[in-house]
Number of protein chains: 2
Amino acid sequence: MERTTRYSKKRAAILSAIQGTDCHPSAEWVYQTLKPSHPDLSLGTVYRNLIFFQERGDIRSVGVVRGHERFDGITTPHSHFICSRCGAVMDLSQIELADHLDRDVSEQYGLMVDYHELSFHGVCQTCIQNQQHEEDILS
Amino acid sequence: MERTTRYSKKRAAILSAIQGTDCHPSAEWVYQTLKPSHPDLSLGTVYRNLIFFQERGDIRSVGVVRGHERFDGITTPHSHFICSRCGAVMDLSQIELADHLDRDVSEQYGLMVDYHELSFHGVCQTCIQNQQHEEDILS
DNA sequence: ATGACTGCAAAGACTTTGCATCTTT
DNA sequence: AAAGATGCAAAGTCTTTGCAGTCAT
């Protein structure tokens with residue numbers, strides 16, 4: 001009794017939208033982005049497909065930033081930077097840990113590691129500059 | 001016009017509860033745990049103090065697990081393991097990255113890194129065993 | 001045709017907030 | 001007494017769901 005998967009145009013558009021951006025979108029972003037081309041898209045469908053794609057391993061959650069869950073269409077190893085000022089999430093493609101780390105942790109602690117997530121938190125370039133501007137104005 | 005901080009008994013109890021456990025509690029956990037000794041405690045107060053302590057750097061958010069934000073009273077460098085089956089969050093005190101990594105990222109990408117968070121995701125020992133039991137029963 | 005997928009709107013779950021009251025200093 | 005902290009409950013946000021209708025195979 002296998003459940004067969006059917007590919008609807010909306011489902012394909014949702015995955016494509018996520019994989020086609022590096023902004024690590026939220027459900028709302030996907031919805032707003034596809035609204036013009038798919039006027040009858042509903043937010044519920046976006047949420048349902050987000051879960052569907054995660055279960056299939058096509059996308060991964062980067063975590064919840066300011067109340068919004070953010071997703072990543074790239075599932076190969078890389079790290080993230082999250083701006084605590086504006087909420088931007090960006091890839092740090094050059095930063096990644098040794099391949100064997102997951103296995104090391106599994107063996108050392110006796111648990112089963114599927115993947116890891118390394119994220120740096122701080123203030124992004126843009127916000128640093130904006131802050132500088134504010135200081136200039138105040139001085 | 002400095003805002004002076006006043007230490008209420010409830011505020012102290014909330015911080016103490018968080019720092020006195022390694023379960024990486026949620027707001028609800030803190031509330032339920034303190035309820036017996038502080039019958040008139042309100043959830044709003046817990047949430048307000050969670051924000052207060054985060055701003056002061058006394059505690060840190062570990063992230064949102066299954067819809068509940070989880071906190072850590074230990075702010076020295078260490079990693080976490082998050083069980084995707086039961087939602088448990090545990091410390092991996094022996095796993096931590098090189099000290100200079102934050103600085104490296106700052107310089108390499110031109111942004112300001114405050115801290116990083118490394119979390120491993122998978123299935124914990126307990127859930128592995130429970131799964132084994134289920135399989136035994138089914139076979 | 002059958003079973004999946006979707007739209008819509010209601011329901012849920014967690015968190016934030018306003019205001020009057022109580023505490024700490 | 002003054003200003004901060006809390007209780008309570010209402011309001012807010014984001015996400016999940018039930019159900020009837022639609023679409024893919």
Side-chain angles (χ1 to χ4, degrees), chain A residues 1-18 23-56 58-71 82 84 87 89, chain B residues 1-18 23-56 58-71 82 84 87 89:
Chain A
M1 300 305 117
E2 196 114 328
R3 177 190 175 93
T4 63
T5 296
R6 295 181 180 173
Y7 270 84
S8 69
K9 291 169 185 171
K10 284 169 187 166
R11 168 165 290 172
I14 291 170
L15 181 57
S16 176
I18 299 171
C23 76
H24 306 82
S26 64
E28 186 67 32
W29 184 95
V30 172
Y31 177 63
Q32 295 299 343
T33 299
L34 296 179
K35 202 80 175 291
S37 50
H38 303 261
D40 63 339
L41 177 65
S42 96
L43 244 185
T45 295
V46 174
Y47 278 108
R48 275 187 285 237
N49 276 292
L50 252 14
I51 293 169
F52 174 85
F53 290 130
Q54 282 187 89
E55 289 174 343
R56 284 183 37 117
D58 295 323
I59 68 173
R60 183 176 292 171
S61 171
V62 180
V64 178
V65 179
R66 296 173 153 195
H68 302 67
E69 182 154 26
R70 305 283 288 271
F71 299 89
I82 299 172
S84 52
V89 177
Chain B
M1 301 305 116
E2 196 115 327
R3 177 189 174 92
T4 62
T5 297
R6 296 181 179 174
Y7 271 85
S8 70
K9 292 168 184 172
K10 284 167 187 166
R11 168 165 291 172
I14 291 169
L15 182 57
S16 176
I18 299 170
C23 76
H24 305 83
S26 63
E28 187 66 31
W29 183 95
V30 173
Y31 178 65
Q32 294 299 343
T33 299
L34 295 179
K35 201 80 176 290
S37 51
H38 302 261
D40 62 339
L41 178 65
S42 96
L43 245 185
T45 295
V46 174
Y47 277 109
R48 274 187 285 236
N49 276 291
L50 252 14
I51 293 169
F52 174 85
F53 290 130
Q54 282 187 90
E55 290 175 343
R56 285 183 36 116
D58 295 325
I59 67 174
R60 184 176 292 170
S61 171
V62 180
V64 178
V65 179
R66 298 172 151 195
H68 302 67
E69 181 154 26
R70 305 283 287 271
F71 299 89
I82 301 172
S84 52
V89 178

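Residue numbering restarts at 1 for every chain, and letters A, B, ... go by the order of the sequence lines. All values reported here derive from a predicted model rather than from experimental measurement.
Taking atom OH on B:Tyr31 and atom P on D:dG7, their separation rounds to 9 Å, with Å as the unit. In this entry the distance linking CZ of B:Arg70 with C1' of C:dT15 reads 16 Å, nearest Å. Atoms CH2 (B:Trp29) and P (C:dT15) sit 15 Å apart, rounded to a whole Å. Distance B:Asn49 CG to C:dT17 P: 15 Å, rounded to the nearest Å. The distance from atom NE2 of B:His68 to atom C1' of D:dT16 is 14 Å, rounded to the nearest whole Å. When the P atom of D:dA24 is taken as reference, atom CZ of A:Arg6 falls 10 Å away, rounded to whole Å. Atom pair A:Glu55:CD and D:dT16:P shows a separation of 11 Å (rounding to whole Å applied).
Side-chain contact check for A:Glu28 versus A:Leu43: some heavy-atom pair is nearer than 4.5 Å. At a threshold of 4.5 Å between non-hydrogen side-chain atoms, the residues A:His68 and A:Trp29 do not count as touching. In this structure, the side chains of A:Glu69 and A:Leu50 stay at 4.5 Å or more apart for every pair of heavy atoms. The side-chain heavy atoms of A:Ser61 and A:Gln54, taken from C-beta on, include a pair separated by under 4.5 Å. A:Thr5 has its side chain within reach of A:Arg11: a pair of non-hydrogen atoms, C-beta onward, lies under 4.5 Å apart. Taking 4.5 Å as the limit, every side-chain heavy atom of B:Phe71 sits out of range of all side-chain heavy atoms of B:Arg60.
Contacts of residues 33-44 of chain B with DNA chain C (heavy atom under 4.0 Å): B:Gly44. Residues from residues 9-17 of chain A with heavy atoms under 4.0 angstrom of DNA chain C, sorted by number: A:Lys10, A:Arg11.
One finds a side-chain N or O of A:Arg3 lying less than 4.0 angstrom from the OP1 or OP2 phosphate oxygen of C:dC5. Taking side-chain N and O atoms only, B:Thr4 has no distance below 4.0 Å to OP1 or OP2 of D:dA3. The shortest distance between the side-chain N/O atoms of B:Tyr47 and the OP1/OP2 oxygens of C:dT16 is not below 4.0 Å. A sub-4.0 Å separation between OP1 or OP2 of D:dC8 and a side-chain N or O of B:Arg48 is absent. For the OP1/OP2 pair of C:dC5 and a distance below 4.0 Å, the side-chain nitrogens and oxygens of A:Thr45 include no atom meeting the criterion.
Each end of the helix from C:dA1-D:dT25 to C:dT25-D:dA1 gets its own rotation axis from five pairs of C1' atoms, and the angle between them is 40° to the nearest 10 degrees.
Between atom CG of residue B:Asn49 and atom CZ of residue B:Arg56 there is a gap of 10.5 Å, rounded to the nearest 0.5 Å.
Comparing B:Ser8 and A:Glu69 by the nucleotide of DNA chain D whose heavy atom lies nearest to each, the residue mapping closer to the 5' end is B:Ser8. Each of B:Ile51 and B:Tyr7 was matched to the nucleotide of DNA chain C holding its nearest heavy atom; the match closer to the 5' end belongs to B:Ile51.
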(message) Using side chain to side chain contact (heavy atoms under 4.5 Å, CB included), reason through A:Leu34 and A:Ile14 one step at a time and then give a plain yes or no.
(response) CA-CA 8 Å; A:Leu34 296 179; A:Ile14 291 170; 3.7 Å; yes

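B:Arg70 and B:Cys23 get closest at one heavy-atom pair: NH2-O, 3.1 Å. Residues B:Val30 and B:Pro25 approach most closely at CG2-CB, 4.1 Å, considering heavy atoms.
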